[in-house]
Each structure stands twice: as C-alpha cells, then as structure tokens.
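Below: one structure, written as structure tokens.
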Amino acid sequence: MQSFTFQSPTEIIFGRGAEDRVAERLRARGASRILILYGGGSVVESGLLSRIEKNLTSAGLAFLVIGGVRPNPRVSLVREAIREGIAAQANFVLGVGGGSVIDSAKAVAHGIANPTVDIWDIWTHKVEIEQTIPIGTVLTIPAAGSEVSDSAVLTNEDTGRKLGLNTPLNRPLISFLNPELAFTLPRAQISAGAADIMMHTMERYFTNVKEPNVFTDRVAEALIRTVMECAERLLISRKDYDAMSELMWCGSVSHSGFTELGRCKDFSVHKLGHELSARFDSTHGATLTALWPSWARHVYKYDAARFAQFAAAIFGVNAGTDEERARAGIRHMEEFFTSIEMPTSLAGLGIGTPGKGTIEELARAATANDTIRLGCFHPLNAADAAAIYT
Ligand code: NZQ
Ligand code: ZN
C-alpha cells in the first residue's frame, strides 16, 4: 500500500427530512447571508426549494436565490452569480441540486472569496487560490459525488473546454442527503448517475500501483456490486427508499477519495468523456459508459491479471486464463451498461458516428496536442485516445 493523507471534512446529514435541518446547521456553521443556487427547475417543481426558503426565513437567515444552472454547467452563469453574491455580501453558498449545481456553487464560493480573479483563470491554473467561503449542498441526484469531492467541473462556452479543478477548497462544509429527494429522477438520470458512481471507483481500481491493497480493493468491489444491484432495483421501482439510500451513499463514498487510498487514480475515461460533453453537450455518465468498454479493450493487456480479478469479484468469472477472464469481465460490464439502457459506443450517445477528422480533434484536445498523457494504468497519448474514440 502506498502512503497517503486523507481528509474528507464534510459533515453529512443523511436520511428522510435531512433538508429540514438546513437552517439549524447553517446557522451553527456561521452562515448569515446565504446564496442559494439551483438548476433548471426540478427543485421548484418538487417544492424542495420553497421548503428550504421557508426553513431559512423562519430562522431569520437572509438569502438570495439564483437558478438556471444547466447540466455541463457554464462559466458565464457562475460569473453572474459571483457578481450578485459579492453585491449581497454572501458568506455561504448552498447548492440545491446535482453535480452541475454543486460544482457551480463551489466556483461561486471561490469567486466571492477572490473578487479580483476571473474564475476561469483558477480552472486553467493561471491563478492559484488559497481561500474560499463555506459551501453547503442539498443533493437531489446520486451521481457526481460533488457533495463530498475535492473536484468541480466547469464548461467555458467561449473556448469549448470542459475542465475539472481539484483542490481541498472544493470540499463542502456540509451536505444534506435525503434519498427521497431523488424519487422524481427520470430513468435516464438514475442510470447515468449509477454509471458515474461505478466509474468513480473503477477509475481508481484500475491503476498502475502493484503493491497489494486488499481492503481498498474489497471496498471498491463491494461498492460496484451494490451500485449495480440498486440501479437495477430502481429501474423497476424508482421510489425504493432502501435502494436509493445505498446508491446515494455509494455516490458519496465513491468520489470522496476513500476507494483510492493506498494507490493513485487513473481517470482517463473521465478526461476523454469531458471532451465529448464539451463538444456535443453529452450527459456525463453516458460519455463514461460509451467509452469504458473501448478503453478497457485497449489497455487490459498491460495488466490482464487486474482485469481478471475484477471479472471474478464483480461477475464471478473464475475459469480460463487471465486474458480470457479479463475479456469476459469487460464483455459482462458492457452487457450491464446496456441492460440499464446506457450507451456503449459514441453512436449510442446520439451524436452520430464522428468522422476521422473529429476523432483526431477530440484526441488532440484531450491530450493538449499530444503533450500530456492521460491516466496511469496505461498512460494514453493522442493515438491511444483516437483509437479509443474510434
Ligand atoms: O436542472 P434540474 O432541473 O435540477 O434537472 C436536473 C438535470 O436536468 C436533473 N435532476 C437532478 N435532480 C433531479 C433532477 N430531475 C428530477 N428530479 C431530481 N431529483 O438531472 C439533470 C442532471 O443534473 P446534473 O446536476 O447535471 O447531474 P449530475 O449530478 O450527474 O452532475 C453532472 C455534472 O457533474 C460533473 C459532470 O462532469 C457534469 O458536469 N462531475 C462533477 C464531479 C465532481 N464535482 O466531483 C465529478 C464527476 O466525475 C463529474 O465530472
Ligand atoms: Zn464522473
């Protein structure tokens, strides 16, 4: 096991009615002027936003509400919210929604705390920041894990780039997780979220670290199996509280860093996927299932034994050589993605079949013109990326 430092400081309030404790807990954490951010309207329709507003009003807490965050969130709305937050002297940002809203909330908090900096300069590492204001989340979809993660992903519509920023400043101070809030999710979002949760652990499981890491492996394998089982149950009955609870908690654990301890993360499929979202506005989880089988077939030979372990632990594949078991595991995972109605090719993303020129552009964008390598399991250059997209 490699040495590590782990700090996941987010206070988690989990269970039915968790959001009713927003005012009490935010006040305890020093919030007095709260900027609430939400998305396209699901939290208005469900009545969640008005419940939170009532809760804050009764507690005498001042707040300002900004909606309109889109999936694959845009930097332009973040800039607008930063201006309004500064004008209102907000000292806390609360994201009510999914990963897109929460990532935007993180960026808004950083922008308010660093008013002279353009937010995109932080995402492109032109400027390093050292402070932010506290961030809270009320989660409505188990998926991105942003409610605990140290990461936030923004899209710049002017440059066509979708970039993640990793910093401990991105860890929310507090997150409210009520599985019932996810009962209104459409099937496609349940599946895309489940796939994203699985991939946050799979992109940490397939790594180049050779030292044994038994406990982390077993946690990872149990998490992946749990998510698969619960996704299937939720596609039959989306109001299954027990299944939604497991999925939501797995979503947080999967991207907290806990399934990475003692090794390093790869995340190359995520980076290839971000290029598809930047160019075609594709749903994040769908980009991952569209690419993973091709990524796996491209790289498994560099450590077939690792893929064979995965096949045995997840699908009970115990017969054959490492190579045979590895290939069977990849095939079973592809079948699982199909069974939960997720795409396993670019054509399945509804973007047609990209031509050779587009594939090369995507591969060059992902690898900064072939100057950087993606991931660590088998570091990918532009030619690898193009082969996987193809
Ligand atoms: O905008 P509203 O109206 O709320 O609708 C959303 C949106 O259309 C809807 N939705 C959410 N909760 C709902 C609901 N609809 C009905 N009932 C509910 N309870 O779902 C749609 C998708 O929302 P979004 O926030 O985009 O989903 P998700 O949580 O999957 O977040 C995806 C974003 O997170 C980034 C992705 O790249 C993508 O931009 N990620 C962030 C990460 C992080 N910060 O750590 C890690 C991930 O790997 C990922 O990259
Ligand atoms: Zn993801």
Side-chain angles (χ1 to χ4, degrees), residues 8 10 19 37-49 67-75 77-78 95-107 123 135 137-156 161-167 169-172 175 177-204 234 238-239 244 247-248 251-252 254-257 260 265-278 281-289 291-292:
S8 184
T10 307
E19 70 279 12
L37 211 57
Y38 72 94
S42 70
V43 301
V44 177
E45 279 161 41
S46 67
L48 172 63
L49 184 63
V69 176
R70 293 164 53 177
N72 297 320
R74 313 301 202 265
V75 73
L77 186 111
V78 166
V96 182
S100 297
V101 167
I102 297 171
D103 288 359
S104 301
K106 292 176 178 182
W123 257 250
I135 301 150
T137 83
V138 179
L139 185 67
T140 61
I141 166 171
S146 187
E147 67 278 8
V148 296
S149 79
D150 67 354
S151 138
V153 192
L154 290 184
T155 297
N156 185 326
R161 297 306 319 274
K162 180 175 181 183
L163 295 177
L165 173 77
N166 287 77
T167 159
L169 297 176
N170 275 336
R171 300 265 193 194
S175 284
L177 275 62
N178 174 358
E180 285 180 338
L181 298 180
F183 284 174
T184 48
L185 280 172
R187 288 171 73 82
Q189 290 296 343
I190 293 173
S191 295
D196 194 20
I197 295 168
M198 291 168 67
M199 290 297 298
H200 290 158
T201 287
M202 285 157 69
E203 294 241 66
R204 291 171 160 103
L234 287 162
R238 67 179 175 167
K239 295 191 179 179
M244 193 63 89
L247 191 70
M248 196 169 258
S252 299
S254 190
H255 205 29
S256 66
E260 172 188 333
K265 65 180 174 190
D266 182 282
F267 267 63
S268 52
V269 178
H270 266 73
K271 295 206 171 103
L272 296 174
H274 287 340
E275 296 306 329
L276 296 172
S277 293
D281 203 19
S282 306
T283 299
H284 173 62
T287 67
L288 304 177
T289 60
L291 291 168
W292 188 83

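Counting starts at 1 for both ligands and their atoms, following the listed order.
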For this session: Output yes when a protein non-hydrogen atom is found under 4.0 Å of atom 23 (O) of ligand 1, and no otherwise.
Result: no
Problem set entry | Under-2.8 Å protein N/O/S neighbours of the Zn ion (ligand 2), ordered by chain then residue number | Asp196 OD1, His200 NE2, His270 NE2, His284 NE2
Problem set entry | Any donor-acceptor N/O pair, Asn170 side chain to Leu165 backbone, under 3.5 Å | yes
Exercise. Which atoms of ligand 1 have any heavy atom of His274 under 4.0 Å away?
Worked result: 37 (O), 50 (O)
Exercise. Which atoms from ligand 1 have a heavy atom of Gly39 less than 4.0 Å away?
Worked result: 1 (O)
For this session: Name all residues meeting the side chain to side chain contact (heavy atoms under 4.5 Å, CB included) criterion together with Ser252; count only those two or more places apart in sequence or in a different chain, and write none if there are none.
Result: Glu147, Val148, Leu177, Trp249
Exercise. For atom 44 (N) of ligand 1, what is the nearest protein heavy atom, given as residue, atom name and distance?
Worked result: Asp103 OD1, 2.7 Å
Exercise. Taking distance alone, with no angle check, do Gly41 and ligand 1 share an N/O pair under 3.5 Å?
Worked result: yes
Seminar exercise, completed: In terms of its nearest heavy atom to atom 43 (C) of ligand 1, the top option of Ser151, Ser46, Ala143, Gly273 is Ser151
Exercise. In the protein, what heavy atom is nearest to atom 21 (C) of ligand 1, and what distance, to one decimal place, separates them?
Worked result: Gln189 NE2, 3.5 Å
Exercise. Is it the side chain (CB and beyond), the backbone, both or neither of Thr155 that lies under 4.0 Å from ligand 1, heavy atoms counted?
Worked result: neither
Exercise. Taking distance alone, with no angle check, do Gly99 and ligand 1 share an N/O pair under 3.5 Å?
Worked result: yes
Exercise. Is the backbone N or O of Val153 less than 3.5 Å from a side-chain atom of Lys162, with the two atoms forming a donor-acceptor pair by type?
Worked result: no
Problem set entry | Subset of ligand 1 atoms that lie under 4.0 Å from at least one heavy atom of Asn72 | 39 (O)
Exercise. Do side-chain atoms of Thr287 reach the backbone of His284 as a donor and acceptor pair under 3.5 angstrom?
Worked result: yes
Seminar exercise, completed: shortest atom 2 (P) of ligand 1-to-protein heavy-atom contact is with Gly40 N, 3.4 Å
Exercise. For atom 16 (C) of ligand 1, which of Val148, Asp196, Thr184, Val96 has the closest heavy atom?
Worked result: Thr184
Seminar exercise, completed: Looking only at protein heavy atoms, what sits closest to atom 7 (C) of ligand 1 is Pro71 CG, 3.9 Å
For this session: Give a yes or no on whether the backbone of Gly95 and the side-chain of Thr137 come within a donor-acceptor separation of less than 3.5 Å.
Result: no
Exercise. Under 3.5 Å, is there a donor-acceptor pair between the side chain of Ser277 and the main chain of Ser282?
Worked result: yes
Exercise. Contact between Ala152 and ligand 1, counting heavy atoms under 4.0 Å?
Worked result: yes
Seminar exercise, completed: So the atoms of ligand 1 within less than 4.0 Å of a heavy atom of His270 turn out to be 48 (O)
Exercise. Which residue holds the protein heavy atom closest to atom 32 (C) of ligand 1, what is that atom called, and what is the gap in Å?
Worked result: Ser100 OG, 3.8 Å
Exercise. How close does the nearest protein non-hydrogen atom get to atom 39 (O) of ligand 1, and which residue and atom is it?
Worked result: Lys162 NZ, 3.2 Å
Exercise. Quick one: does Arg171's side chain have a donor or acceptor within less than 3.5 Å of a partner on Ser256's backbone?
Worked result: yes
Exercise. Does Pro73 have a heavy atom less than 4.0 Å from any atom of ligand 1?
Worked result: yes
Exercise. Does Asp266 come within less than 4.0 Å of Lys271, counting only side-chain N to carboxylate O?
Worked result: no
Exercise. Among Leu165, Asn166, Leu185, Thr287, which residue places a heavy atom closest to atom 10 (N) of ligand 1?
Worked result: Leu185
Exercise. Taking only heavy atoms of Val153, which atoms of ligand 1 are found under 4.0 Å from at least one of them?
Worked result: 40 (N), 41 (C), 50 (O)
For this session: Among Ile141, Val69, Thr140, find the one that has a side chain to side chain contact (heavy atoms under 4.5 Å, CB included) with Val101.
Result: Val69
Exercise. What is the closest protein heavy atom to atom 45 (O) of ligand 1, and at what distance does it sit?
Worked result: Ser149 OG, 2.6 Å
For this session: For atom 4 (O) of ligand 1, grab the closest protein heavy atom and report residue, atom and distance to one decimal in Å.
Result: Ser42 OG, 2.7 Å
